[in-house]
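We count residues from 1, following the sequence as given. Counting convention: from 1, in listed order, for ligands and their atoms alike. FYI, side chains are in, hydrogens and waters are out, and symmetry mates aren't considered; it's all heavy atoms of this structure.
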Amino acid sequence: MSEQIEEIIKKMTLEEKVGLCIGASFWNTTPIERLGVPAMTVSDGPNGLRHVPDMNDPDQRSLPATCFPTASCVSSTWNTELVQQMGEAIAEECIAQNVDVILGPGTNMKRSPLCGRNFEYFSEDPYLAGEMAAHFIEGVQKRGVGTSLKHFAGNNQEYQRFSISSEIDERTLHEIYLTAFEKAVKQAKPWTVMCSYNKLNGTYASENYELLSKILKQDWAFEGLVVSDWGAVHDRVASFKGGLDLEMPGPQETRVRAAVEAVRKGELDEAIVDESVRRILKIIFKAQQTPKGGEFDQEAHHQLAGKVASEGMVLLKNNGLLPLKGQRKIAVIGRGAKSPHFQGGGSSHVNPTKVSIPLEELEKTASDIEFSYSEGYPKGEDFRQDLIDAAVAEAVAADAAILFIALPTYIESEGYDRQNIDLTQQQVALIKAVANAQPNNVVVLNNGAAVAMQDWVEGVAAVLEGWMMGQAGGTAVAEILFGKVNPSGKLSETFPIRLEDTPAYINWPGEAGKVYYGEGMFIGYRYYDEKQVPVQFPFGFGLSYTSFEYSNLKVSQQSFKDIDGVVVSVDVKNNGQVPGKEIIQVYVHDQKCSLRRPKKELKGFTKVELQPGETKTVTIPLDFRAFAFYHPGYHRWITESGEFEILVGASSADIRQKVNVNLESTLVLPSLLNKESTIAEWMQDPRGKEVIAPIIEQMISRGPQKDIKEIEDTEGGIEMGTLEFVKDMPLLSVLMFSQKDLPLPPEEIVQAMLDEVFEA
Ligand code: BGC
């Protein structure tokens, strides 16, 4: 194939080359008939296919496709196999509708619960998000359909998304905002990666050489093509130079001309264009290998959407009312029971093949129960006391009440952020009034991201987070409420108590063109752990109708080399009366590190099904990266020898078993000493410590000084008496103060010492 591609490139005119690098229409690349290069069709993504065959249709209607639950629900399954199956089903629909590449998954981090597109993203944790994205991609691509991993990178809000600059320091960028992309790229090899609209540290992602060429293509060895988000290109020549292969959508004739001109004038190297052409052709021909057309099994996919929904819903509270049993009459309250809220707004909006109506599903699941219905709240945010009064009357007349509380559909969407994380005023009043009147009450929530609950959660008997549950979510709710399915989802994002408690609160959403990621690596549970801020429901939390016991935590080796990693095993027992699934989470805590690290970080997980009384041993491998951190001095991931704590738990706040291990770093790293290095940094550097020793001794012998404080060098244990404040001064500055006693100028001394360090 690569020979054939080279042949085609040789035959292409410059206009054809540049033309191929800019779309022909909203969803198609530019075909070159004379050379046998067909057009490639792409479509959204990511929780189902949104294929709009005719963009001239005033409603831009997409063909019916299965609407799967959105990413927050998908990731709350923590079930990588299921995500893969979902990917395969989406690929089948792409094949049936002649689509070559699906524009998903989205794997940006949930920096703040306010981001309008959080429902499309997996998690606040990069490891979980990376696992989900990788398995989604593997599922789709297994069937010969491409994916587009998006939005690369630093697109964590919708406010000014076309222009704002996300200001992210190097370490935070790599440890938090790039990790999920990195995992997905390296493990699953997406055919395409979509760059984001925003600027990253001052440069548009679409023109960002560091991001697209250096990190993605060189460091991560990405072999696919980089496509722009729709309309993210501002300067086609600059974007070619940055590493952007395909601009979408098209046509953009003026831009084709400008880029051709730039090559002719010698302002743009034709080899750069050729490289983009090569990448695009490779994917086009890959897509050709999958014959398109046919049908997909709508019913089977609907069932699968229901399975994902039922594994992703999270039981947040249950005082014992659930699973429902023994009721004769149940009041179903809330518009969401009849017109379910199951997906978000914007480009991910799918035209579902059919929709399960929660009220009807309840009736089917429990045909012996009499259900009443009342609307509870109006469509928008008006306040209607009459609806609350009617709901209360129904609740009182029944044995239990189920409240379907769905955020108004326009609140969570692409294109803008949420203003708050609250339910509507009417919904809060409704929940409180019903809970007051009927103690047997369940709140079923439908939303795409965390909502605040402190005003009402104490008063209710049970809460099921149903998320944007996809077209079959109604069935999943009914099955969970009546115990046909034991809930097994766990939160892939923290539910804070108040918006004011959230990590990015002060820096959100930025101003004067920039948004500073001032909280650094501390997003999600990393922040709540560090600041000891109480939360409503922690990351990784979710209840079941049974309970699980953890025991016998073991590691394959107590001491191991970073490159070998270690395998963790633990016994998990189902202690209850019903079968259930448990998600076992492994967090790592570095006991001591030269740089600050979070108190714990998720580095592995597994989901296991257990019959009542059954015990299984689960094993979770931890590799180099589970212990490494990104060092901005070395510009790479490194490990440091020392003790780590391995924490195994049922959530980030419910650690059941712990074990300490010793890691031996195999890295030989160059010294980071330079002219600005402080005395402390010299003392911490293995070679630097030897070189600086005579000077330190001199300083000590020059004592006694009245205000000297004894300090101990943490690394070597050498005791030295010197001024506390000297240790954080550059060696050079310290020498400047005692110039008269020195044989040579201070600069020369420091340079000679540095030479000694680097010669060694
Ligand atoms: C969105 C992308 C989407 C594209 C095509 C953009 O506005 O940000 O996620 O894939 O449109 O619809």
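Protein heavy atom closest to atom 11 (O) of ligand 1, with residue, atom name and distance, is Asp229 OD1, 3.6 Å. Counting only heavy atoms of the protein, atom 7 (O) of ligand 1 lies nearest to Tyr197 OH, 2.7 Å. When hydrogens are left out, the protein atom nearest atom 10 (O) of ligand 1 is Asp44 OD1, 2.5 Å; that is the closest non-hydrogen contact.
Aromatic ring centres of Phe122 and Phe136: separated by at least 6.0 Å. The six-membered or imidazole ring of Phe539 lies near that of Trp78, with a centre-to-centre distance under 6.0 Å.
For Ser276 and Arg279, the side-chain atoms include no donor-acceptor pair closer than 3.5 Å. Side-chain atoms of Glu465 and Asn447 form a donor-acceptor pair, as typed in the model, at a separation below 3.5 Å. Donor-acceptor pairing under 3.5 Å is lacking for the side chains of Gln84 and Glu88.
Using 4.0 Å as the threshold, Glu120 has no heavy atom nearer than that to any atom of ligand 1. Residue Met248 places every heavy atom at 4.0 Å or more from ligand 1. At least one heavy atom of Trp27 sits less than 4.0 Å from an atom of ligand 1.
Close approach of ligand 1 to Arg161 is summarised as follows: ligand atoms under 4.0 Å from at least one heavy atom of the residue are 7 (O), 8 (O). For ligand 1 and Leu103, the ligand atoms under 4.0 Å from any heavy atom of the residue are 10 (O). Applying the 4.0 Å criterion to heavy atoms of Met194 picks out, from ligand 1, the atoms 10 (O). Every atom of ligand 1 with a heavy atom of Lys150 under 4.0 Å away is listed here by number and element: 2 (C), 3 (C), 9 (O), 10 (O).
For Arg50, every heavy-atom contact with ligand 1 shorter than 4.0 Å involves the side chain, none the backbone. Contacts with ligand 1 closer than 4.0 Å are made by no heavy atom of His349, backbone or side chain.
One finds no salt bridge joining Lys199 and Glu207 here, because no Lys/Arg side-chain nitrogen approaches an Asp/Glu carboxylate oxygen to under 4.0 Å.
The one candidate from His151, Glu158, Gln157 that meets the side-chain hydrogen bond (donor to acceptor under 3.5 Å, both in side chains) condition with Arg117 is His151.
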All N/O donor-acceptor pairs, side-chain side in residues 38-45, below 3.5 Å, sequence neighbours left out:
residue: Thr41; atom: OG1; partner: Asn28; partner atom: OD1; Å: 2.8
residue: Ser43; atom: OG; partner: His51; partner atom: ND1; Å: 3.0
residue: Asp44; atom: OD2; partner: Arg50; partner atom: NH2; Å: 2.8

